[in-house]
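A short write-up of the structure that comes next.
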Amino acid sequence: MSEIFKGIDTIRYEGPQSKNPLAFKFYDAEKIVMGKPMKAYLPFAMAWWHNLGAAGTDMFGRDTADKSFGAEKGTMAHARAKVDAGFEFMQKLGIEYFCFHDVDLVPEADDINETNARLDEISDYILEKMNKTGIKCLWGTANMFSNPRFMNGAGSTNSADVYCFAAAQIKKALELTVKLGGKGYVFWGGREGYETLLNTDVKFEQENIARLMHLAVDYGRKIGFTGDFYIEPKPKEPMKHQYDFDAATAIGFLRQYGLDKDFKMNIEANHATLAGHTFQHELRISAINGMLGSIDANQGDYLLGWDTDEFPFDVYEATMCMYEVLKAGGLTGGFNFDAKSRRPSNTYEDMFESYILGMDTFALGLIKAAEIIEDGRIDGFIAQKYSSFNEGIGAKIVAGEATLEELADYAHNLKNTTEPCSGKQERLQGVLNSILFK
Ligand code: XUL
Ligand code: CO
């Protein structure tokens, strides 16, 4: 097999002063941060679909990048060339994981048996490469949104036949995930939602999605999948109302249908902002519910209301993300760059520079988040803010030992001028800036 990314060597750490576009400025895999090497906190993953598949086509124009990797597109030779390209790419960047949809790996045939035979063939080849390189699978999933049969949904479809197609794809994608040792299995409900209630039975659709998830869990556990299932919340696009709107909605759904023991969240930064939340909010809601599993690391554009899937470069967001991750004790999953280079960034070099940007941004976020925690002023302020609950009546409330009458009696002895204390937002924002830019 010949080299695909000729002229691009292994990407090395050169430090923030480096002007070499093909070097890391902040991601220094072995550097110790809060007691562990950076790479232990940042299990980065390559998204098969964007990096090896997406070539720039948008609603207004065709491909700008050449991702044929020397083979004819739509063939098994091309599927193998993508594996070659992907593994060379990950090795050169020091990326240890990848994520995939079934149909990212091979061209889909008209007959599902033929598609599955192709998936068997390509996964043998991927496994060979994994064994040679030590690269691992973070998660797998089934694409249940592109094929026209899923136009009315997969788990939420009106057609029992389509529902069975979805089941068949999940079954195969789970088998592939187990074969490749994937840590997780993702459900992103792209078409699980609706445009209008004039034609939709929401209750029935949600119950049917839950039934499909239960079947997936049962089968996954039966074939030895010990990892986490993930829901990846997103509020809209392609559907107007998506059932897994945000983390809180998805967690409520999982609890309602008894799926919460097997599932966690895969939080995508840009999906959070589309839901009108910050990325940090979604991470916190997942973490406090014990459901922070994995992260799709990208960012959106605040001026655009759609899923732009950009490589992350916003250091504030990455810092607050890593603050949440550190506070939660790390991720059981990883950081999948569900991101694509911009359409005019159409060279092989751009593919590498995109990942360098993303990895450096999260490395910088990690360094800065560790500094925030070590500095202690923000955590200290929060602890102080709630300190009235540490003793006296406050402690009794927290211990669940107070009655409403008792609290009312206590309040009757207070002055109406009682104030809860300043929130000090501007001071704390200043602290954040002083740590980020020192
Ligand atoms: C779509 C999206 C998907 C999921 C996997 O917005 O993020 O790529 O990550 O299906
Ligand atoms: Co995603």
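Values reported hereafter were calculated over all heavy atoms of this structure, with side chains retained and with hydrogens, waters and symmetry mates removed. Just follow the structure's listing: the first ligand is 1, and inside any ligand the first atom is 1. Computed from a predicted structure; not experimentally measured.
Counting heavy atoms from C-beta outward, Phe69 and Phe5 have side chains that approach closer than 4.5 Å.
Taking a cut-off of 2.8 Å, the protein N, O or S atoms nearer than that to the Co ion (ligand 2) are Glu232 OE2, Glu268 OE1, Asp296 OD2, Asp338 OD2.
Centroid-to-centroid, the aromatic rings of Tyr355 and Phe44 stay 6.0 Å apart or farther. When ring centroids are compared, Phe253 and Tyr243 stay outside the 6.0 Å threshold. Taking the six-membered ring wherever Trp is involved, the centroid distance between the rings of Phe89 and Phe352 falls below 6.0 Å.
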For side-chain contact (heavy atoms from CB on, under 4.5 Å), just list the numbers for Gln280 and Glu317, CA-CA rounded to whole Å, side-chain angles, deciding distance to a tenth of an Å, and then say yes or no. CA-CA 7 Å; Gln280 187 184 6; Glu317 283 227 327; over 6 Å; no
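Just one residue in the list Asp246, Asp296, Asp307, Asp244 forms a side-chain hydrogen bond (donor to acceptor under 3.5 Å, both in side chains) with Lys234, and that residue is Asp307.
By the salt bridge (charged side-chain N to carboxylate O under 4.0 Å, His left out) test, Glu108 is found to be paired with Arg149, residues two or more places apart in sequence or in another chain being considered. Listed by chain and residue number, nothing satisfies the salt bridge (charged side-chain N to carboxylate O under 4.0 Å, His left out) test with Lys222 (two or more places apart in sequence, or in another chain).
Under the 4.0 Å criterion applied to side-chain N and carboxylate O atoms, Lys172 and Asp120 are assigned as salt-bridge partners.
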Check ligand 1 against the protein and report each N/O to N/O distance under 3.5 Å, formatted as atom name, atom name, distance.
{"unit_1": "ligand 1", "atom_1": "6 (O)", "unit_2": "Lys234", "atom_2": "NZ", "d": "3.0"}
{"unit_1": "ligand 1", "atom_1": "6 (O)", "unit_2": "His271", "atom_2": "NE2", "d": "2.9"}
{"unit_1": "ligand 1", "atom_1": "6 (O)", "unit_2": "Asp307", "atom_2": "OD2", "d": "2.9"}
{"unit_1": "ligand 1", "atom_1": "7 (O)", "unit_2": "Glu232", "atom_2": "OE2", "d": "2.7"}
{"unit_1": "ligand 1", "atom_1": "7 (O)", "unit_2": "Glu268", "atom_2": "OE1", "d": "2.7"}
{"unit_1": "ligand 1", "atom_1": "7 (O)", "unit_2": "His271", "atom_2": "NE2", "d": "3.4"}
{"unit_1": "ligand 1", "atom_1": "7 (O)", "unit_2": "Asp338", "atom_2": "OD2", "d": "2.7"}
{"unit_1": "ligand 1", "atom_1": "8 (O)", "unit_2": "Trp49", "atom_2": "NE1", "d": "3.4"}
{"unit_1": "ligand 1", "atom_1": "8 (O)", "unit_2": "Asp338", "atom_2": "OD2", "d": "3.1"}
{"unit_1": "ligand 1", "atom_1": "9 (O)", "unit_2": "Glu232", "atom_2": "OE1", "d": "2.7"}
{"unit_1": "ligand 1", "atom_1": "9 (O)", "unit_2": "Glu232", "atom_2": "OE2", "d": "2.9"}
{"unit_1": "ligand 1", "atom_1": "9 (O)", "unit_2": "Asp296", "atom_2": "OD2", "d": "3.0"}
{"unit_1": "ligand 1", "atom_1": "9 (O)", "unit_2": "Asp338", "atom_2": "OD2", "d": "2.9"}
{"unit_1": "ligand 1", "atom_1": "10 (O)", "unit_2": "His101", "atom_2": "NE2", "d": "2.6"}

